[in-house]
Structures are given as C-alpha cells and as structure tokens.
Amino acid sequence: MPPIRNSHQPRSSKFVPYLGFIVFSAIFVFKLDVLISQTISTARRTQETIISNPNITTRPKPEDENGTFYKQFIIAWGEPQASILERGELLTLSLSKISGSGFQSRKELLFGKIDMQIKLVPGNSAGTITTYYLSSHGDQHDEVDFEFLGNSSGNPYTVHTNVFAQGKGDREQQFFLWFDPTHDFHTYSILWNPKSIVWYVDNVPIREYKNAERLGVPFPKTQPMRIFSSLWNADAWATQHGRVKTNWTLAPFVASYRNYSVDACFWSRFTRSSSCSDSDFTTKNVLKMELDRRSRARMKKVQKDHMVYDYCTDKWRFPKGPGPECKIN
C-alpha cells in the first residue's frame, strides 16, 4: 500500500522550492532580456554611427580631399563594395551575392536642382536596381525617386519614377530609355521647388509633378531631404515582375557616377534654417523655374514614345479613379 500523504502538511513549505525556482527564473530572464536589449541597442547605435559619421569611412589622401565625392558624400553602407576613384571625381557602387552598396550626401537640402552622370550596370543586369533619389526620414517622409530596373541583355532598362509626400507614394511613372545607358555616362537630374518636381534625362524633361495642394494633395515642401544612391538585388520583383532572376555568375555588377552638381538651398540642423532667404524665392532661378511650352512639348513626346506605365491611367489599381493631382499633371 502506498504511503498515506499528510493532507495537513503546510502549503507554504510545500511550494517553497517551486517559488524559489520561479524567482530565480524571473531574475535570469530579466537579466538576459537586459543584455539582449543592450546588445541590440549598441549594434544599432554603431550602425547609425557608421552611416552618419564620415570619419569612419575610408579617409582620402590629402591631395584628394577636395574631390567632389569626398567632399559631398559618404559611403552609407556596403563600404567594401563601393569605391571613390580618380582623386574623388568618380564613384562606383558594386553588387555581389554578399552585399550591395550605397552612398548619401553629407548635406540636406530644401529645394534645388541636382545633376548626376551615371553609367548603369552593363550586360545582363536582370534582378538589379540602381537608385538615385531624394528622401527625408520617418514614417511621414517625403521622397523623389529615380530607380533603374535592370534587364536581361538586349532588353531596355526601365526608369521608374515616384514621389512620396507625408509618407504616401503610389505615384509611379515608368519609361523605357531611348538609348543604351550602360555604354556611356548620361545625366539624370531632379528639379524640386515649391511649384513642381521635374525629372530630366540628358536635360530632356520626362515627367513633371505639379504642386496640387489647392486640390487637397500633399506636396513635399517642409522636410529637408538628402541625396541617396544604391545598387542592390531585387530579383523578387525588379525584372519582369520577378520572373527573371539575378545571374550571380556575372557578379560583381557595377554602376559608376561622376560630374555631380547641385544648385540648392541647404538646410542646417543646428540653426533649423535654410541657406536661402525669402527673397531668393523670387530671384533665384532654380526656385521659381517651371517648364516652358517648348520643354513641355519635348516631355509630352517622350511620354508618348517611351512611357510604359502611368498610375493616373491604372484603373485596376485605382478603381475609384486617379488622384486629383492627375488632373493637372
């Protein structure tokens, strides 16, 4: 017969070992959670420092310090895959199976015009994306995009343009380029002022996005933005909706940049002010520039001959009709 348990044994002494184990476990989990939290926080701060502190990037030789890409930009990520050459006047980004790469401007701007000559990834670039854009930070960010979607050899690059205002995008237009952008450098420009945003290819306007605030549509005009560029793998969707994948036997894929120029109002985080005065908005050409009749006619011809997608005509994505800005754009 099994021994009879004493039903009158004090309950407190019965659960003391379990209580001790629970307290020990709670302390252990708490300490482990704190350790993990500190590790993640340290890693995040280190990564942010690497991205934002130009002194951590490879320092140029003294004779190269005045080179455009040393003075104006920092390598933001994938540093082993990015190079600044020719005494700071040429920058290359590369993509391998290990990593892509990217750079960003040292300064922020609030309106202006930027120009960059880019030679895109040659040959079979399917699955790759080269980006060149303006962007602020945060969930309600503003952004103005140039994205170049690679393709298999012999097929044209797709130029993808988009604009975000207060975190909302979905305003895409896409084009096939009318030349091979991998044989030589071509100039890609963004004009951004309070009246409109214009995308240019070799000084030919391909798209205009007018300020439609009077129609209730937000427009990027209060958030300073940096210039960003990157080369990365997006074969899940980039080429023919993801049907054509990146051929890694062709890596590394390389895009090159040169002849950067800017005419802009630069923003100071310290003084919370712009380098442009109120009077500049009536006298400075880049801040009041609009397309004239001739330029708009050239743009319309490009759109007629080379545009392959316009969100304003996409009834499947927008069954309730396009946004009100499409009426004036």
Side-chain angles (χ1 to χ4, degrees), residues 73 76-77 93 95 100-105 108-118 120-121 125 127-151 156-177 181 186-193 196-202 204-212 217-221 223-234 236-239 241 255 257 260 262 264 299 302-303 306-312 314 317 323 325-326 329:
F73 297 93
W77 61 281
L93 296 180
L95 165 68
S101 50
F103 64 90
Q104 69 181 53
S105 62
E108 293 176 295
L109 55 99
L110 187 60
F111 304 126
K113 186 172 184 286
I114 60 172
D115 305 278
M116 185 81 77
Q117 287 194 334
I118 307 174
L120 296 175
V121 176
S125 58
T128 70
I129 289 187
T130 306
T131 69
Y132 166 57
Y133 62 101
L134 294 166
S135 182
S136 61
H137 297 283
D139 294 337
Q140 299 296 311
H141 78 291
D142 295 338
E143 186 173 323
V144 182
D145 291 342
F146 259 124
E147 294 183 347
F148 306 93
L149 314 185
N151 214 333
Y157 259 84
T158 299
V159 178
H160 175 99
T161 65
N162 199 1
V163 56
F164 287 74
Q166 298 178 16
K168 184 184 183 305
D170 296 332
R171 300 182 176 100
E172 303 93 343
Q173 287 185 356
Q174 295 183 340
F175 306 81
F176 284 158
L177 289 174
H186 292 269
T187 303
Y188 303 92
S189 309
I190 297 173
L191 169 69
W192 169 40
N193 63 34
S196 64
I197 300 167
V198 183
W199 293 253
Y200 296 84
V201 176
D202 287 338
V204 177
I206 65 169
R207 179 181 182 182
E208 179 183 34
Y209 184 85
K210 295 181 180 178
N211 186 334
V217 180
F219 185 82
K221 69 174 190 179
Q223 300 186 60
M225 297 195 275
R226 292 187 193 275
I227 303 164
F228 294 88
S229 189
S230 61
L231 174 57
W232 52 287
N233 177 49
W237 62 272
T239 304
H241 305 288
Y257 302 76
Y260 164 74
V262 60
M299 180 184 71
V302 168
Q303 293 177 346
H306 303 286
M307 181 185 287
V308 294
Y309 178 80
D310 182 3
Y311 79 104
C312 287
D314 191 336
R317 282 180 67 196
E325 72 276 8
C326 291
N329 284 310

Original post:
With under 30° as parallel and over 60° as perpendicular, where do the rings of Phe73 and Phe103 fit, or are they tilted in between?
Top reply: perpendicular

Original post:
Does the Glu108 side chain pair with the main chain of Ser136, one donor and one acceptor, at a distance under 3.5 Å?
Top reply: no

**OP:** Identify the heavy atoms of Arg171 and Arg207 that sit nearest to each other, and give their distance.
**Re:** O-NH2, 2.7 Å

Subject >> For Phe148, ring pair (Phe, Tyr, Trp, His ring centres under 6.0 Å) partners two or more places apart >> reply: Phe146, Tyr188

Subject >> Phe176/Asn151 under side chain to side chain contact (heavy atoms under 4.5 Å, CB included): CA gap, chis, key distance, verdict >> reply: CA-CA 11 Å; Phe176 284 158; Asn151 214 333; 5.7 Å; no

Subject >> Option among Ile129, Leu231, Thr130 that satisfies the side chain to side chain contact (heavy atoms under 4.5 Å, CB included) test with Leu95 >> reply: Leu231

**OP:** Kindly compute the distance separating CE (Met307) from CD (Gln173), expressed to the nearest 0.5 Å.
**Re:** 3.5 Å

Original post:
Out of curiosity, Ile118 CD1 to Thr187 OG1, how far, rounded to the nearest 0.5 Å?
Top reply: 9.0 Å

Original post:
Is the backbone of Glu147 close enough, under 3.5 Å, to the side chain of Asp145 for a donor and an acceptor to pair up by distance?
Top reply: no

Original post:
Nearest heavy-atom pair of Ser230 and Trp77: which atoms, and what distance?
Top reply: CB-CZ2, 3.8 Å

Original post:
Say you draw a straight line from CG of Asn162 to OH of Tyr133; how long is it, rounded to the nearest 0.5 Å?
Top reply: 12.5 Å

**OP:** State whether a side-chain donor-acceptor pair under 3.5 Å links Arg226 with Ser105.
**Re:** no

Original post:
Is the backbone N or O of Lys210 less than 3.5 Å from a side-chain atom of Asn329, with the two atoms forming a donor-acceptor pair by type?
Top reply: yes

Original post:
What is the distance from atom CD1 of Ile197 to atom CH2 of Trp192, rounded to the nearest 0.5 Å?
Top reply: 7.5 Å

**OP:** Please report the shortest heavy-atom distance between Val308 and Phe175, naming the atom on each side.
**Re:** CG2-N, 4.0 Å

**OP:** Salt-bridge test for Lys221 and Asp142: reply yes if a basic N is under 4.0 Å from a carboxylate O, no otherwise.
**Re:** no

Original post:
Can you check side chain to side chain contact (heavy atoms under 4.5 Å, CB included) on Asp170 and Tyr311, steps first, answer last?
Top reply: CA-CA 7 Å; Asp170 296 332; Tyr311 79 104; over 6 Å; no

**OP:** Would you check if the side chain of Asn211 reaches a backbone N or O of Ser196 as a donor-acceptor pair within less than 3.5 Å?
**Re:** no

Subject >> Within the 6.0 Å centroid threshold, strictly below: Tyr257 and Tyr132 >> reply: no

Original post:
Counting only N and O atoms by type, is there a donor-acceptor contact under 3.5 Å from the side chain of Thr128 to the main-chain atoms of Asn233?
Top reply: no

**OP:** Find the distance between OH (Tyr200) and CE (Met299) and round it off to the nearest 0.5 Å.
**Re:** 9.5 Å

Subject >> Ser229 versus Thr131, side-chain donor and acceptor atoms under 3.5 Å >> reply: no

Original post:
Are Asp314 and Tyr309 close enough that a side-chain donor and a side-chain acceptor fall under 3.5 Å?
Top reply: yes

Subject >> Expected output: side-chain Gln174 to main-chain Thr161 donor-acceptor under 3.5 Å >> reply: no

Subject >> Salt-bridge contact Arg317-Glu172 (side-chain N to carboxylate O under 4.0 Å) >> reply: yes

**OP:** Considering non-hydrogen atoms only, spot the tightest contact between Val198 and Pro205 and give its length.
**Re:** CG1-CB, 3.9 Å

Subject >> Nearest-0.5 Å distance, CD1 of residue Ile190 to CD1 of residue Ile114 >> reply: 4.5 Å

